[in-house]
Structures are given as structure tokens and as C-alpha cells.
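What follows is a single structure, written as C-alpha cells, with notes after it.
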Amino acid sequence: MTHRTTQATTAASGYASPPFAVSVTRAGPSTWFVEVQGELDIATGPILREHLEAHKTPSEANGHPLNVIYTLPELEFMDSTGLHTLLTAVDGLAPETITIREPSRQVRRLLELVGLDSMIEEPRHS
């Protein structure tokens, strides 16, 4: 099951950020594939959190194990608030793993700076 939400945000200054999009695909009962596009920051973090909270099932709300795989090639910007949201957006689900695939250059750099680059799943070459 895939659900997609796209939303543009406008700051009080009138600046309209790029469209923000979240897509969630469930693979079996315990794995979510989440694609995030645009900018993840103080303005869009709550959108990600609300979107993921809306996809919890009753068993997951009670701590069912969950693997979250974020795919981020089109996440153009993420600040520390966005990073915090990315890591805590599935509160109550007690994810066993959070994996990041295809981070944009900017996101990869942030993860390296804060020592979380071990969460990045590197492509496998055959």
C-alpha cells in the first residue's frame, strides 16, 4: 500500500519553500519504505510526523517492531530539526532499524557531520 502527500509551505516572511512530498510504501507487516522530497526542516517536520503517525496500525501503536527505510535522493535540504524529526517521526513504534538510502549530497554531509553516516546503506555492486 502506497500513500503520497505533497504540500508546499509558506513561512511568515512570505517565502514559499519547495514542495514537500512524503511517500510511504509498506512491505509486509513490519517494514516501511519512506521517500521524502523537498526540504525537511522546522516547517515541514510536523508534516512528516503526522503523515507517518497516520499510517500506524493498532499493533504498531503498541510497539510492534518496525524497520524504516528512508529514500532521500530528492531531499534538497535538511537541518538539525529535520534530522531530529527523521529519527523520531515514528515514536511509539520502537523501530529496530532506521536505514537511509540514496541520500542527496547535502543530506549525506549532514549525516557525516553528526556521526550518523553508518545509517546510510551503500549500493551493492555485483
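FYI, the numbering just counts along the sequence from 1.
- Hydrophobic clustering, with ILVMFWY side chains joined whenever heavy atoms are under 4.5 angstrom apart, groups Trp32 together with Ile120.
- Taking hydrophobic clusters as Ile, Leu, Val, Met, Phe, Trp and Tyr residues chained together by side-chain heavy-atom distances below 4.5 Å, Val107 shares a cluster with Ile98.
- Annotation: side chain of Glu112 is in contact with side chain of Arg109 (closest heavy-atom distance under 4.5 Å).
- Of all non-hydrogen atoms in Met119 and Leu87, the two that sit nearest each other are CE-CD2, 3.5 Å.
- Val68 has its side chain out of reach of Leu52: every pair of non-hydrogen atoms, C-beta onward, lies at least 4.5 Å apart.
- The CG atom of Asp79 sits 9.0 Å away from atom CD of Glu39, with the distance rounded to the nearest 0.5 Å.
- Residues Val114 and Phe77 do not share a hydrophobic cluster, defined by chaining ILVMFWY side chains whose heavy atoms lie under 4.5 Å apart.
- For residues 98-107, every residue pair satisfying the salt bridge (Lys or Arg N to Asp or Glu O under 4.0 Å) rule, not counting sequence neighbours, is listed here: Arg101-Glu121.
- Here the OG1-OH distance, from Thr99 to Tyr70, works out to 11.0 Å after rounding to the nearest 0.5 Å.
- Across Ile47, Leu75, Thr81, a single residue satisfies side chain to side chain contact (heavy atoms under 4.5 Å, CB included) together with Leu40, and that is Leu75.
- Counted within 6.0 Å of CG on Leu113, heavy atoms from surrounding residues, nucleotides or ligands total more than 12; the atom is thus considered enclosed.
- With Ser23 contributing its side chain and Glu35 its backbone, the two residues share no donor-acceptor pair below 3.5 Å.
- For the pair Ile100 and Arg108, the minimum side-chain heavy-atom distance is 4.5 Å or more.
- Distance check: Met78 CE to Thr44 OG1 gives 10.5 Å after rounding to the nearest 0.5 Å.
- The two residues Leu83 and Leu116 make their nearest non-hydrogen contact at CD2-CD1, 4.2 Å.
- Not counting sequence neighbours, the partners of Gln106 by the side-chain contact (heavy atoms from CB on, under 4.5 Å) test are Ser104.
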